[in-house]
Visitor: 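Let me give you the structure first, and then I'll get to my questions.
Chain identifiers are assigned alphabetically (A, B, ...) following the order of the sequence lines, protein sequences preceding nucleic acid strands; residue numbering begins at 1 within each chain. Heavy atoms only: backbone and side chains are in, while hydrogens, waters and symmetry mates are out.
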Protein chains: 2
Amino acid sequence: MKNYAIIVAGGVGRRMGSDTPKQFLKIGGQPILMHTITAFYQYDHKMEIVLVLPHSHFSQWTELSLMHDFDVPHCMVGGGSTRFHSVKNGLDSIGDEGTVAIHDGVRPLIEQEIIQNSFEVANTKGNAIVSVELKDSIRQLKGQRSNSVDRMAFRAIQTPQTFKVSDIKEAYRIEYQESLTDDASVAELAGQKINLIDGSYRNIKITTSEDLVIAEALLDNK
Amino acid sequence: MKNYAIIVAGGVGRRMGSDTPKQFLKIGGQPILMHTITAFYQYDHKMEIVLVLPHSHFSQWTELSLMHDFDVPHCMVGGGSTRFHSVKNGLDSIGDEGTVAIHDGVRPLIEQEIIQNSFEVANTKGNAIVSVELKDSIRQLKGQRSNSVDRMAFRAIQTPQTFKVSDIKEAYRIEYQESLTDDASVAELAGQKINLIDGSYRNIKITTSEDLVIAEALLDNK
């Protein structure tokens, strides 16, 4: 069974207060994205890894790869105007058979066991969506008011989100809608039953400068 | 106007894999709880600070205070069987006038501006509940299935949760229910309108050993 990973790295890092795209910032001396790509390569050396990057970042990535002697095989595909379009470009670039993990480029701390479990569950059930319980109480906004809701009835969704390739290609044929913030919501709209699997709180998405500090600390604390 | 802080520190740290109650574990060389208490003291040196601790932790806390020359004035009140009962014990120990911030003992990174804003908003509107936007997509569980929901319609609730003292004392006269996981939900059940104010992602609740690593890193990165 052919395994694919689509690593989505479309962000431009505006929230970081940095000119460097956030996925190129370093933790443990190496750009975030290299940690992410390596995690999937470690799980399966034969996996086909597709990195979806804005075209404007291609040359910077190539320079970084040279500078860091980064030799994990992968190919680059140009990103789209939204995450949806970026993932679609990634899917268009791969074959029609097998299993594909779609993963945020800025989640470099993903553990091997979670990658493995996501492929195993996707192979038997069609998909596997990594999620964790909410740590904080939550309130639902209703106009000017809000009301408390049971946080245990919700899960925070992470990546990887792993699918039978044919299923997720089929799902991505729909028109883009703003509500489609992740791949599970696309698959759900296509009528596919979503299977949640356990993630971990280490698997953070690096979006702010504080997240960078946190990721560095967690990396040291492996 | 008299200001109070009730610092709730009832936890026993089982999720930490440590025998030391989590609020006594150190970051920056000092027990977590001392950072938390100091944050409120810094905002208002005249504030009356009530620390709600299990009776069984009183002597350990006193020893730690001696060891660390911790001299921020505060009083200790015995905790109850749940957070609800602990807060109620704290409220029973304070006067009937003024404003009270109820805060998790294991949120030591609370910023001065947020404490200040919570008292100011509570003074004008009756209460102020610190909250942040959700970072991840969320799904709502429905039996064996789940569906995507708009994360922007929700807020993650932190502390402090700050109230006019008379209002929150009134609200806490109700019978305990398991759904009352925070003070906002108690006030809401009493018919009070909840005012959300902006928190920060630094203001983490330390509940796991990873959180301890994160808190240490954030503290260094002030």
Visitor: Please rank B/Q158, B/Q144, B/E188, B/R151 by heavy-atom pairs under 4.5 Å with chain A and give me the top one.
Guide: B/E188

Visitor: Any non-hydrogen side-chain atom of A/D211 less than 4.5 Å from a side-chain atom of B/K135?
Guide: yes

Visitor: For A/S185 versus B/R139, what's the shortest heavy-atom pair and its separation?
Guide: N-NH1, 4.2 Å

Visitor: Is the NZ atom of A/K164 crowded by more than 12 outside heavy atoms at less than 6.0 Å?
Guide: no

Visitor: Pick one of side chain, backbone, both or neither for A/L134, based on which atoms fall under 4.5 Å of a heavy atom in chain B.
Guide: side chain

Visitor: Checking salt bridge (charged side-chain N to carboxylate O under 4.0 Å, His left out) against B/D136, which of A/R107, A/K205, A/R155 comes through?
Guide: A/R107

Visitor: Could you have a look at B/I214, B/L196, B/D220 and say which one has the most heavy-atom pairs with chain A under 4.5 angstrom?
Guide: B/I214

Visitor: Which one wins on heavy-atom pair count under 4.5 Å against chain B: A/S137, A/S131, A/S148, A/A217?
Guide: A/S137

Visitor: State the CD-OH distance between A/E210 and B/Y201, to the nearest 0.5 angstrom.
Guide: 10.0 Å

Visitor: Between A/N147, A/D150, A/V149, which has the largest tally of heavy atom pairs under 4.5 Å with chain B?
Guide: A/N147

Visitor: Grab the two heavy atoms, one from B/M152 and one from A/L141, that are nearest each other, plus how far apart they are.
Guide: O-CD1, 3.8 Å

Visitor: Please output the residues of residues 110-129 of chain A in contact with chain B, using a heavy-atom cutoff of under 4.5 Å, in numerical order.
Guide: none

Visitor: Rounded at 0.5 Å granularity, tell me how far CG in B/N221 sits from CG in A/L212.
Guide: 9.0 Å

Visitor: Examine whether an atom of A/L218 lies under 4.5 Å from a heavy atom of chain B, and if so say whether it belongs to the side chain, the backbone or both; otherwise answer neither.
Guide: both

